[in-house]
Amino acid sequence: MTATADEIKLEQDYFDRAWEAREDTRRTLSSAHEAAAGGRAAASAVNKGAKERLAKLADPDEPVAIGRFDQEDETWYVGRHAISDDESNLLVINWQAPAAAPYFQASVDDPCGVLRRRKFETDRNRVVSFEEAIFAELAAAVGGLTEAQREGIDDSVLRDLQQDRTGEMRDIVQTIHEAQYELIRSELGQLLVIQGGPGTGKTAVALHRVSWLLFNHLGTLSPEDVLVVGPNPTFTRYIRNVLPGLGDADVQHQDVRSLGPQSSTGRAEDVDVARLKGAARMAGLLAVALRQRVRFPAGSESFDVGSGRQRATITRSQVEPQLRRFLQSPGGYNSGRTAFRGWLNAQTGDQLSPSQLDAAAERIWPSLTAQQFLRDLFGSRERLVGAAGDEFTAGDVNRLLRSAAQRAADEQWSDADVALLDEADHLISGTSRRFRHIVVDEAQDLSPMQLRSLRRRSVSGSMTVVGDIAQSTGPWARDSWDEVIGALRQDLPVAKRDLHLGYRVPQQVFELAARLLPLAAPGVVAPRVVRRGPADPRLVAADEDNRHELVIKEAQEFASRGLFVGIVCPLSLRDDLVTELTDRDVVWSDAAKGNLSKSINVVSPEEAKGLEFDAVIVVEPEEIVAESPSGFRLLYVALTRTTRYLSVVHVGAALPLTAAAAAVAPSLAPPLTEGSGDQDGLFEVVAEAVEPSEGAETLLATRFKTPTEDTATTESTNASSGTASASPRGTNGLSLREPGAGDPGDALARVVSESVAASLAQSVRQSVAPPLWPYVIDRLRRELGVSDAEVFDLFGD
């Protein structure tokens, strides 16, 4: 229903009245300390309380309400903060209050006693318009409603998505719909796992859930009791202003790369090493290695402590039973050391000076920080072998071994090291700060050791865990939530819920990205995408000489329109792209350094998780797939980061599916949404991705282009020769032009062979030292009866 001028004026009168009441409250709180009686202490207490209330009060420019709902006898206005007049009449109720629930819960199927709901469009506190739902009328017209209307995706959501991104996530209370609200207000005392595909709003749900819990558990849960954990510093900076905007300023934000006594310094590490360090068995290795640092000096049965008259002799037989006893100290390594030092002092008759006592204790029970301990452990084969036991192979020890820096302060730490440092710090100090509720975003990628870090920070197991299995990548990529739940659960109930409705990623974009799901995550149900974007994806064919030039051209065109732009670039091409940006004097920000600007930003596929941009340029999908065992999932992430526009700049295939993938894609991929075009035609293109013809590439380019785009500029032909462009690399390095690759059966056999080879390689790495690998490979060839001539015929020299 369209708002009339008279209706808007009536609403504006109410907004003005509520605004005056809010500003009266602000003035009263600002001068509260002047009216306080009882001396300086009382005035200070009053002033502190007033400042806390002022911090929760909305800014003067903020609209007083986001909406209103009418019941049989009452009308309620809903806003981000409650507002009362000087007679304590409630003018606006807080969105977190139970009284506001019908505003979010009302639907066509169950209006919850709501007759009318209005959602306001405002410019500061000026009412521009409103969208109105009269539920009796909707019920009568239910057959004619669109899917978006049935699901509560209304103009307020579309307006939000039409606003330019800024590099920071906003509090978007006005876009919360019924399914999200039910998750936001679910019980505090549980481990809640929320699975949601791209654009389902899972991060917004998690953050608004924190605000709702703080409001509704006042007295038992304070902002200082809540920890929000993200995957990296860029993501943490992106979301950090949401909760302060909702009046919850003291919630702690951290990322998993800093969740310990030492943050990651970005030390590069092989995937196999990172996976080994993330394994749960590393906790046992660290515990044994730390216990082994406590020992009586080797090669002697006694030693002297102190000198002269203060000299005392202690023996191995005296000390070792005490070491075993104190190593069981519940307070950890340091607590045991303190107890041992006290025992040593008593045994020497309290005759030693503190320095002499410390020196004696240090010989047997050295003082350590987590950084010193891990540096010493990884720098010593002897220590690693001594702690490894039967849980680790010689190959594992070789992978963990590294040269130690001369000083602990100079040691470089990888992302995987952080959880080990945290484990070591817990073993040494025996304490970790604990929280009453923890939110974990992008949790699908966390290693068992990282999950241990989170679990020990939780008082009871009350957590909100969000992510998407289809976007699970890296060393600990998963196909289900079972392992995460098993690692995090304590005594509280576990609830797993799905967000099925996708409204932030445009339909046209998701139709393209969803073709990857049969390979990326065949067990994941794709979200129902209900919003059309302003344009189809634009495929920009390039050659290696002009690829980065075209990427920058696309980015600058979007940026010139005031859009928040993300360039998702594979690591193999990043340095060249950065050089090109620098040479062309383009202003850009580097997500790898935790920075996002309002204009052009360069991010890796991994860094892009959880972020959203107005416009995204994906660089060379074939390279993104080839760089990682989770390449299809990373490409799926890259393609679904936009709320409006997508460009794909490619030399190789724009959608790099193998023939085997194309053969199964029609039966496994989710159907295209209604009105999206020729489904069979797209699969025809996918099937030709192995050996693309000019006609197929042209069809794909034409199918996904902006309405105003000149078709001639998007044909997937080589810019210099006019021939169809194709990369020699396929999925994860698989050649696309080897003999027989055009046959689906052969391609499928190659995919299976790659999987078997990867499994065998993993077994070899875990059990055989690297110098012996050539002998193992040669022996395997002979065991299988493969001759040198056959190898040469297949691969050449």
Side-chain angles (χ1 to χ4, degrees), residues 11-68 74-101 103 120 122-127 168-174 184 207-226 228 239-253 436-437:
E11 295 292 12
Q12 186 63 57
D13 290 344
Y14 195 90
F15 269 52
D16 291 342
R17 177 186 170 196
W19 187 89
E20 288 293 346
R22 185 177 67 189
E23 295 313 300
D24 283 345
T25 300
R26 192 187 313 279
R27 286 188 289 270
T28 300
L29 291 173
S30 298
S31 59
H33 64 285
E34 299 174 1
R40 180 177 298 177
S44 177
V46 169
N47 191 40
K48 179 181 178 182
K51 285 184 176 180
E52 290 175 353
R53 288 190 60 192
L54 274 170
K56 293 181 177 294
L57 205 61
D59 291 336
D61 287 343
E62 186 175 301
V64 296
I66 61 172
R68 127 187 183 185
E74 293 182 290
T75 294
W76 299 96
Y77 285 78
V78 179
R80 292 181 179 86
H81 310 276
I83 301 174
S84 299
D85 63 17
D86 55 6
E87 296 179 354
S88 299
N89 296 311
L90 190 60
L91 302 179
V92 179
I93 57 176
N94 193 309
W95 74 272
Q96 303 145 313
Y103 176 81
F120 296 113
T122 57
D123 179 7
R124 301 169 73 176
N125 198 53
R126 182 174 66 86
V127 179
E168 292 182 349
M169 188 177 182
R170 301 186 303 276
D171 62 293
I172 46 177
V173 178
Q174 68 271 24
I184 287 170
L207 294 175
H208 286 79
R209 174 165 161 74
V210 168
S211 188
W212 191 93
L213 290 172
L214 288 171
F215 182 88
N216 287 277
H217 292 270
L218 188 64
T220 60
L221 187 70
S222 68
E224 294 83 0
D225 293 327
V226 180
V228 176
I239 66 170
R240 63 186 170 187
N241 287 329
V242 174
L243 289 170
L246 294 169
D248 306 302
D250 295 322
V251 170
Q252 183 170 342
H253 289 75
R436 297 184 64 83
H437 190 74

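Everything numeric here is computed off the predicted structure, so don't read it as measured data.
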**Report entry** Aromatic plane relationship, Y77 with Y14 - under 30° parallel, 30 to 60° tilted, over 60° perpendicular
**Finding:**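 Correct class here is parallel.
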For the residue pair [X] and [Y], establish whether any side-chain heavy-atom pair is separated by less than 4.5 Å.
X    : Y    : answer
H208 : V242 : yes
D16  : E20  : no
I93  : Y103 : no

Requested in this report: Would you please test V210 and V251 for side chain to side chain contact (heavy atoms under 4.5 Å, CB included) and show each step?
Outcome: CA-CA 9 Å; V210 168; V251 170; 4.2 Å; yes
Distance-minimising heavy-atom pair for [X] and [Y]:
X    : Y    : value
G79  : V92  : N-CG1, 3.4 Å
Q96  : F215 : OE1-CD1, 3.4 Å
V127 : T122 : CA-CG2, 4.3 Å

Report the residues that fulfil side chain to side chain contact (heavy atoms under 4.5 Å, CB included) with [X], sequence neighbours left out, ordered by chain and then residue number.
X    : result
P98  : N216
H81  : A58, E62
S84  : L90
A101 : Q105, Y181, R185

Query - Distance in Å, N94 CG paired with I83 CD1, rounded so as to fall on 0.5 Å steps - result: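 Result: 10.0 Å between the selected atoms.
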Query raised in the report: If you round to the nearest 0.5 Å, how far is CG of L207 from NE2 of H253?
Result: 6.0 Å
Query - Trace of the side chain to side chain contact (heavy atoms under 4.5 Å, CB included) decision for D86 with D24 - result: CA-CA 8 Å; D86 55 6; D24 283 345; 5.5 Å; no
Using the side chain to side chain donor-acceptor pair (under 3.5 Å) criterion, which residues pair with [X]? Sequence neighbours excluded.
X    : answer
R26  : E23
N125 : none
D61  : R124

Query raised in the report: For F15, what residues pass the ring-ring contact (aromatic ring centres under 6.0 Å, His included) criterion, not counting sequence neighbours?
Result: F120
If the condition is salt bridge (Lys or Arg N to Asp or Glu O under 4.0 Å), which residues does [X] pass it with, not counting sequence neighbours?
X    : value
R68  : E11, D70
R17  : D85
D123 : R126
D250 : none

Report task. List the steps, then state whether side chain to side chain contact (heavy atoms under 4.5 Å, CB included) holds for L214 with H437. Result -> CA-CA 10 Å; L214 288 171; H437 190 74; over 6 Å; no
Query raised in the report: Do side-chain atoms of W19 reach the backbone of P60 as a donor and acceptor pair under 3.5 angstrom?
Result: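 Judged by distance alone, yes, a pair lies under 3.5 Å.
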Requested in this report: Kindly say whether T220 contributes a backbone atom to a donor-acceptor pair with the side chain of R436 at under 3.5 angstrom?
Outcome: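 Yes: the side chain of R436 pairs with the backbone of T220.
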